[in-house]
Each structure stands twice: as C-alpha cells, then as structure tokens.
Amino acid sequence: MSMEVAGAEAPVKGKFLGILVCWLLGNGSLFAWNSILTIEDYYSHLFPDYHPTRVLTLVYQPFAFGITLIMTYYEAKMNTRLRNLAGFSLFFLGSFALIILDVATKGHGGLGVFVGVCIISAIFGTADANCQGALVGDLSLMCPQFIQSFMAGLAASGVLTSALRLVTKAAFESSKDGLRIGAILFFSITCMFELVCLLLYTFVFGKLPIVKYYRAKAAAEGSKTVASDLAAAGIISEQQGQMEEDPEKYKRLTTKELLMQNIDYALDIYLIYVLTLSIFPGFLSEDTGAHSLGTWYALVLIAMYNVWDLIGRYVPLIPCLKLTSRKGTLAAVLARFLFIPAFYFTAKYGDQGYMIFLTSFLGLTNGYLTVCVLMEAPKGYKGPEQNALGNVLVVCLLGGLFSGVVLDWLWLIGKGW
C-alpha cells in the first residue's frame with residue numbers, strides 16, 4: 001500500500017478511538033512516575049532521613065531533560081516508533097523492578113535500597129524522555145484533539161494514582177504491615193497498566209485510518225520520523241525518490257528557526273513548570289505543617305492538585321474559554337508567580353482549607369495553560385516542522401520541571417539546611 005494523501009481530506013474513521021488511545025498513552029507516560037510520587041508516605045516511612053520525594057524527583061529530572069535534549073537535537077533522524085516502544089518497555093520493566101526490590105528486601109529501608117529506588121527513578125526519567133518527546137512531536141502533526149487528549153491523559157495519571165493510593169491506604173491501613181501491602185498492590189497495578197500501553201501503541205494506534213492519514217501526510221511533506229510507523233501499518237513510503245526529484249518541496253525550517261519563531265511559547269511552557277515544580281510535590285509533601293488530616297494531608301493535597309490539573313486540560317475544548325492570544329498567555333503565565341508568596345503565607349498562617357484551595361488553583365492553571373500552548377503552537381506549520389516544534393516544547397517543559405525541582409529545595413532554607 002503506497003501513500004496517496006495529496007488533496008485528500010482527513011478521515012474521521014478511528015478518531016474517537018484515537019482520542020481514547022492518546023488519553024491512555026498519556027496516562028502511561030507518567031503513570032509509573034506518579035506512582036513513586038504518590039507513594040511518598042511509604043517511602044517517607046522507609047527512608048525518613050533522605051527526603052525521598054525531593055531526591056527521587058531530582059534524580060529523575062536530569063535523565064528526562066538531558067536525554068530529551070539530545071533526542072530533540074537529532075529529532076529529524078529519530079525513529080519515533082522505536083523511541084515509544086523503548087519508553088513503554090522501560091516503564092514496564094522499571095515498575096516490575098520496584099516490586100522485585102521491595103520483595104527481595106522484605107520492605108526494609110537503608111541506603112542501599114534507597115540507591116536502588118533512585119536507579120529505577122533514573123530509568124523512569126529515561127523512559128519519559130523517549131515517550132513524551134516522541135508522542136508530543138508525533139501528535140503535534142495530527143488533529144489538535146489528539147494532543148489535548150494526550151496531555152489530559154498525563155494529568156489523569158496523577159488523578160488515578162492518587163485515587164488508587166487513597167483506596168489502598170484506606171484498605172490496608174489497619175492491617176499488619178498494611179502500608180507495604182498497599183504499596184506492592186499499587187506497583188502491581190502500575191506494572192500491568194504500562195504493559196497495556198505498550199500493547200496499545202504496538203498493535204492498535206498506528207493502524208487507525210486517521211493516524212495513518214496524518215503520518216502519510218507528514219511523510220509526503222518530508223518527515224522521516226514516521227517511516228517505521230507507516231511500515232508497521234503496511235504503508236510503503238516513496239519519500240526518498242520524491243525528495244531527490246524536488247528537494248525544494250521538502251525544505252523545512254530548522255529547529256533553531258522554529259524556536260526563535262516560538263520563543264514566547266517556549267518561555268511559557270518553561271515558566272509554567274518552573275513555578276509548578278517549585279511547589280509540587282516537595283513543598284506540599286513536607287512543608288505545610290501539621291493539620292487535623294494527619295498523614296492523609298499530603299495525599300489529599302496531591303490528589304486535589306491532580307484532579308484540578310486534569311479539569312484544566314479540558315477547559316480549552318470550550319472555544320470561548322480557550323486562550324489564543326500569545327501576549328495574554330504570557331501574561332497569565334507570569335501572573336502565576338504570585339503563588340509563591342501565597343503558598344508561603346498560607347503555610348505559615350492559614351489553615352488546611354486555604355491550602356487545599358490554593359493547591360487546586362495551582363493545578364487548574366497548570367493544566368489549562370499547558371494545553372493552550374501545545375494546541376496553538378503547531379498551527380500553520382508542515383508536518384516535519386510540527387514534529388520538531390513539539391519536541392522543542394517538551395524540552396522546555398522538562399527544563400522547567402528540572403529547574404523547579406532544584407528551586408524547590410529553597411523552601412528548606414532555615415530548616416536545618
């Protein structure tokens with residue numbers, strides 16, 4: 001089967017299933033990592049002296065950011081299918097390794113075990129670099145609903161992991177060794193879900209008519225990153241011969257040119273996540289004081305953030321609420337930095353109701369602004385350029401995450417550090 005997309009309209013067949021699969025793949029891209037974050041009460045019990053929430057995040061982010069940066073530099077030559085298969089495989093194997101490590105050590109803590117968890121955290125960072133960059137780039141050249149659904153899936157992974165953790169904590173809290181039993185069950189569910197995502201990407205997503213159309217269209221515009229996915233779907237590309245016949249037709253903007261044309265969007269994404277990760281999850285887990293909710297307090301805060309982050313990612317689907325102004329988006333992003341004094345004074349003088357409200361609003365604005373940027377930025381570009389721009393924005397996102405994680409340690413000033 002050869003590619004014939006010139007002048008053809010995008011098929012709608014498979015669009016709903018595609019949106020669902022994108023949501024599940026977005027879920028799988030962060031489910032394993034969110035599992036580690038959400039299980040913070042268990043790891044704080046095992047490793048009370050090591051600040052596990054902060055340290056694990058600090059280990060994860062350099063791998064996610066550094067590898068994504070390298071892959072974005074070579075984006076035009078990367079095999080998107082191979083990146084995604086490698087990423088979901090690493091998520092599955094890392095989740096399984098967490099179970100094996102806990103069973104092998106019989107739930108005991110110690111520096112050696114903590115180092116093992118840190119290594120798995122680095123594996124998750126490597127997997128994230130493969131999946132998130134490849135999928136955002138790939139979906140950027142398709143219909144906007146796919147990238148929105150994927151980003152909503154990323155947020156939904158936090159909601160699902162928080163809900164599962166609350167259920168497992170409640171179910172086993174009163175039993176002997178209940179915290180550990182709940183954690184192992186939690187990791188087992190994570191392991192199975194990552195396997196489902198691997199199978200969905202391998203055997204389902206690439207064979208949907210609408211996905212084949214957009215990938216064939218991108219290949220016809222000069223994209224090399226979709227070749228393996230098209231081959232797996234039974235489509236033969238004649239791209240090389242066509243490029244030799246008419247090289248001007250396939251000329252595209254360089255990654256640097258794309259970055260300069262979209263420097264405001266890149267800054268938006270970076271600043272959104274610098275602010276968010278300087279507060280979530282480290283500050284919310286350790287620096288909000290003692291309240292009537294006790295050990296449930298941090299879990300409730302993280303759950304509220306995740307729920308409202310998910311809601312925020314669906315708000316742009318309402319046309320009248322979607323932010324399309326580039327200047328307006330940047331102004332909204334800068335206004336979010338008022339959260340820093342707000343959280344500081346609420347933690348010091350406010351009660352848990354105010355903190356829950358602030359955390360919810362932090363999540364809402366994070367999800368809303370992220371989707372607004374990623375839906376608007378790729379418009380008007382050819383397939384290969386959309387893929388490249390998607391990768392660039394993921395680098396900015398992960399760079400913001402990494403910077404935020406480092407800045408999160410500033411909250412510890414004056415507390416023995």
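Values below: all heavy atoms of this structure, side chains included; hydrogens, waters and symmetry mates excluded.
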| request: Apply side chain to side chain donor-acceptor pair (under 3.5 Å) to K207 and list each qualifying residue two or more places apart in sequence or on a separate chain. | output: none
| request: Mind checking the CG-OG spacing from L393 to S140? Nearest 0.5 Å is all I need. | output: 7.0 Å
| message | Y60: which residues meet the ring-ring contact (aromatic ring centres under 6.0 Å, His included) condition with it, sequence neighbours left out? | response | W33
| message | Does atom OH (Y73) have a neighbourhood of more than 12 heavy atoms from anything else shown, all under 6.0 Å? | response | no
| query | When you measure from the side chain of S360 to the backbone N and O of I356, does any donor-acceptor pair fall under 3.5 Å? | reply | yes
| field | Set of residues satisfying ring-ring contact (aromatic ring centres under 6.0 Å, His included) with respect to F150, sequence neighbours excluded | value | none
| task | Taking side chain to side chain donor-acceptor pair (under 3.5 Å) as the test, write out the residues that go with Y265, two or more places apart. | result | none
| said: Could you check whether S35 and T161, counting side-chain N and O atoms only, form a donor-acceptor pair closer than 3.5 Å? | reply: no
| said: Here's a test for you: under side-chain contact (heavy atoms from CB on, under 4.5 Å), which of V315, I311, I272, D309 qualifies with Y368? | reply: V315
| message | For F357 and F361, take the angle between the two ring planes, folded into 0 to 90°, and tell me which bin it lands in: parallel under 30, tilted 30 to 60, perpendicular over 60. | response | parallel
| request: Starting at CG of L20, measure out to NZ of K15 and round the result to the nearest 0.5 Å. | output: 14.5 Å
| Spacing of CG belonging to N262 relative to CD belonging to E385, to within rounding of 0.5 Å | 10.5 Å
| request: Please answer whether the main-chain N or O of K382 pairs with a side-chain N or O of E221 as donor and acceptor at a distance below 3.5 Å. | output: no
| request: To the nearest 0.5 Å, tell me how far E75 CD sits from T68 OG1. | output: 13.0 Å
| query | Can you name the side chain to side chain donor-acceptor pair (under 3.5 Å) partners of W308, sequence neighbours left out? | reply | none
| request: Any chance you could lay out the salt bridge (Lys or Arg N to Asp or Glu O under 4.0 Å) test for R326 and D268, step after step, and finish with the verdict? | output: CA-CA 9 Å; R326 296 174 79 141; D268 288 341; over 6 Å; no
| If we ignore angles and hydrogens, is there a donor and acceptor under 3.5 Å between the side chains of Y201 and D229? | yes
| Candidate list L198, L200, L199, test side-chain contact (heavy atoms from CB on, under 4.5 Å), partner V196, passing option | L200
| field | Exam field: side chain E194 to backbone A32, donor-acceptor pair closer than 3.5 Å | value | yes
| said: Using side-chain heavy atoms (C-beta onward) and a distance below 4.5 Å, is N79 in contact with T225? | reply: no
| In chain order, what residues pass the side chain to side chain donor-acceptor pair (under 3.5 Å) check against S149, with sequence neighbours excluded? | none
| task | Would you tell me whether N366 and Y305 have side-chain atoms, one donor and one acceptor, within less than 3.5 Å of each other? | result | yes
| query | Does Y270 use its side chain to pair, donor to acceptor, with the backbone of V395 at less than 3.5 Å? | reply | no
| query | Can you list the steps and then say if C118 with L56 is a side-chain contact (heavy atoms from CB on, under 4.5 Å)? | reply | CA-CA 6 Å; C118 287; L56 291 175; 3.8 Å; yes
| Under the criterion side-chain contact (heavy atoms from CB on, under 4.5 Å), which of L139, N391, L141 is the partner of Q386? | L141
| Which value, rounded to the nearest 0.5 Å, describes the distance between F186 atom CZ and I181 atom CD1? | 16.0 Å
| query | Are there more than 12 heavy atoms of other residues, nucleotides or ligands under 6.0 Å from atom CZ of F47? | reply | yes
| Heavy-atom donor-acceptor pair, E376 side chain to T324 backbone, under 3.5 Å | no
| message | Classify the ring geometry of F92 against F96: parallel below 30°, tilted from 30° to 60°, perpendicular beyond 60°. | response | parallel
| query | When you measure from the side chain of N306 to the backbone N and O of G158, does any donor-acceptor pair fall under 3.5 Å? | reply | yes
